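Treat the numbers as computed from the prediction; the structure is a model and nothing was measured.
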Amino acid sequence: MTSPDPAPLRRALTRERAHHDTCRAAFTAMVEGAGERVVTGEDVSASGADAEVLGYQLRSHARYLNDLPEGPLFFGRLDFTPQDPGHAGQSYHIGRLRITEHPAAPPLVVDWRAPVSRAFYQASARDPQGVAVRRRFGWAPGSRGDSADLTSLEDERLDEGKRLDDGQGDHAETTTPGRILTAEIERPRVGPMRDIAATIQPDQDDLVRAGLATTVCVQGAPGTGKTAVGLHRAAYLLYTHPQRIGRSGLLILGPNRTFLSYIAEVLPALGESGVRQSTVVDEIARHPVAAADDDRTASVKHDPRMAEVLHRALYAPVGPTAAPNSLAVPEGSYRWRLGAGELDRIVDGVLAEQPPYAIGRERVRTRIVRRIQDQAERRSGVRPNAWTQRISRSQPVSSYVDAVWPRARPEEVLAGLLGDPAVLAAAADGILDADEQKALLWPRPPRSYRSARWSAADLVLLDEIAGLIEHPQGYGHLVVDEAQDLSPMECRAIARRAVFGSLTVLGDLAQGTTPWAARDWPELLGHLGKPDAETVSLTTGFRVPAAVVRLANRLLPRLGVRVAESRSLREDGELTLTHVSDGDTGLLDGVVAATRRALAHEGSIGVITADRDTARVREALTGAGIDAADPDQLGARITVLGAGTAKGLEYDHVIAVEPATIAGAEPRGLHRLYVVLTRAVSRLEVVHSGGLPWD
């Protein structure tokens, strides 16, 4: 390939910078106009409700524009051939939001989620999709959107070698294919996670643009962009289905708050703010976590058999046997009566319908009142609504309903189950063995459920009971990351919130580290209520260097899960195995030396060790004059973190400290080590004094 002529390239850059200036002026006008419309909307002549809705919409749009992070307004351009039937000869700049000088005018920038933008991600020389030229723009690192920061451009010609005419007789020559794309993917990782709107690959784009009704499960090897796919899918659905998602909401579930902090800026950068991001525990928490279970107890509580145990415990007091044989409701000198047989049929009929507990209770009341109403109307005509309500609230009816279908509180039900061996034995008979029941029982039951101290696993059980009593509010779509670590009972909690919605399930079976981590996707999808969902594998990585991927792949045969080996398109990374003398002093000195070597390179540094060793490693670095932060301090140059916190995070340089200790620290320690090794974006240095678990 011949070197491009710099003069046409300079002219092309000049024109693109001028276009960006035009876009910046238009965007500024859009922001100012949104603010003016808020003021105007406050004076609109409308009913109170209409004015409130209009004001909310205007304020939300103005806030949305004002909250967008500063940065370049476009990252690509599509030039269609004159023969394309839909966009003949048209050019479109692609960016993170639509920019126009007037709502009716052609856009200066097209949103990356618009249908026409799909060709930017999908077109190829084999299938150009009507595209003559795909142009990518290179911006200076950290650019806040100044046009002078537009430093390069790169054209991919998809029209069989035809040159791009810029309309003035000049031609912008093609630079090395993929240079800008590669540079963007490999840009150093400092601070929170970035969006990948400029670098989405075709297989990722297929997942991002899947329909709202479709539940997708992504088995993604490290560095394949599964988290980014999930977040961009959320942004795409919010853009494509604003009314439906706006009514029911969209929820992002991550494994921990550190992870949520790391991804927090992605959706706002894509033009979507106000999306709820939470952990499973935070989403279901009825109380603070104030107690801790041992592994045995937690495993039983997270077991799917607990669903039937809790159902039995909740419904144990329900049934006609606890009620009087008949019901008499006085009205003046007369009494309306229902016999035992009729009452039993009412209760049994409602039980057979299996409604939520609270709805079942009210159905019993309603049907009793209906029977009494039928008697009254046969005797003396139609009764008004006020009469019906009075009978419904009468003491005999309420007492009977309380007897056959008592009010229930989740905390009261669970405390009774965990605090009373007889209650637990009755509910768990034939489901849990004696040892499992013993693991569940509280050693010292609290005086009442109000003084109970709940564990994280207890919160899952409370949510199960609450869901049996009354279904929780659902979401239109949920994105569930690190799903392989969810327990069956946690999956059921998520499923209750997705009864009428869809899911994007993201994870990697090889990175499962909880005692109940999934070993295959079909079983987990069944617990999530989506047994027929398709599982798609992403195995080509863009983040982790090939040398690191090959090392991590050596652990796969020992992990007990069936996942394909991943491969990386990155051949530029470094892998170093550093053996140091035995003993803590030699190991810590080796970590300090490795950190100094990493400081000679640009980018973030993650020093990852066994959880129990983080304090002494941080102390050793501090003693050597090296500032080291904890993982909650986003943007720090050097972070010391335990292996248990590393999941989902990434660093330009990773120093993995004593892999054998990480692997031996827990039953799924090899899975944890697999996670640690694959956090590196550019360099991995393994510092060890003992043996290596993959040898």
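A donor-acceptor pair under 3.5 Å links the side-chain atoms of Arg113 to the main chain of Ala235, judged by distance alone. Within the 3.5 Å criterion, the main-chain N or O of Glu154 finds no donor-acceptor partner in the side chain of Arg136. Panel note: side chain Gln204, backbone Gln201; a donor-acceptor pair is recorded below 3.5 Å. Panel note: side chain Lys647, backbone Gln511; a donor-acceptor pair is recorded below 3.5 Å.
By the side-chain hydrogen bond (donor to acceptor under 3.5 Å, both in side chains) test, Asp206 is found to be paired with Arg118, Gln122, residues two or more places apart in sequence or in another chain being considered. Legend: residues meeting side-chain hydrogen bond (donor to acceptor under 3.5 Å, both in side chains) with Ser143, ordered by chain and number and at least two apart, are Asp149. For Ser152, the side chain to side chain contact (heavy atoms under 4.5 Å, CB included) partners are Arg179, Ile180, not counting sequence neighbours. Arg144 is linked by a side-chain hydrogen bond (donor to acceptor under 3.5 Å, both in side chains) to Glu70, counting only residues two or more places apart in sequence or in another chain. The salt bridge (charged side-chain N to carboxylate O under 4.0 Å, His left out) test applied to Arg276 returns Glu283, not counting sequence neighbours. Scanning for salt bridge (charged side-chain N to carboxylate O under 4.0 Å, His left out) contacts around Arg683 gives Glu574, with sequence neighbours left out. Qualifying salt bridge (charged side-chain N to carboxylate O under 4.0 Å, His left out) partners for Asp520, counting only residues two or more places apart in sequence or in other chains: none. Not counting sequence neighbours, Arg24 has no partner by the salt bridge (charged side-chain N to carboxylate O under 4.0 Å, His left out) test. Residues that satisfy the side chain to side chain contact (heavy atoms under 4.5 Å, CB included) test with Glu265, not counting sequence neighbours, are Pro192. With sequence neighbours excluded, no residue forms a side-chain hydrogen bond (donor to acceptor under 3.5 Å, both in side chains) with Ser248.
Side-chain contact between Arg570 and Ser682: present, with at least one pair of heavy atoms (C-beta onward) separated by less than 4.5 Å. In this structure, the side chains of Val681 and Val544 stay at 4.5 Å or more apart for every pair of heavy atoms.
Side chains of Asp84 and Thr81: a donor-acceptor N/O pair is absent below 3.5 angstrom, by distance only.
Every pair passing ring pair (Phe, Tyr, Trp, His ring centres under 6.0 Å) that includes a residue from residues 110-131 is listed here, sequence neighbours excluded: Phe75-Phe120, Trp112-His232. Under the side chain to side chain donor-acceptor pair (under 3.5 Å) criterion, the residue pairs touching residues 210-229 are Gln219-Asp508, Gln219-Trp521, Thr227-Asp481, with sequence neighbours excluded.
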message: Is there a side-chain contact (heavy atoms from CB on, under 4.5 Å) between Leu525 and Cys217? Walk through the geometry before answering.
response: CA-CA 8 Å; Leu525 289 169; Cys217 176; 4.1 Å; yes
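Going from atom CE of Met193 over to atom CG of Leu267 covers 10.0 Å, rounded to the nearest 0.5 Å.
A perpendicular orientation is assigned to the rings of Tyr92 and Phe80, their planes being inclined by more than 60° (bins at 30° and 60°).
Taking the six-membered ring where the residue is Trp, the centroids of His20 and Phe137 are separated by 6.0 Å or more.
The side-chain contact (heavy atoms from CB on, under 4.5 Å) test with Leu207 is passed by exactly one of Thr504, Ile200, Val229: Val229.
Heavy atoms from other residues, nucleotides or ligands lying under 6.0 Å from CZ of Arg567 number 12 at most.
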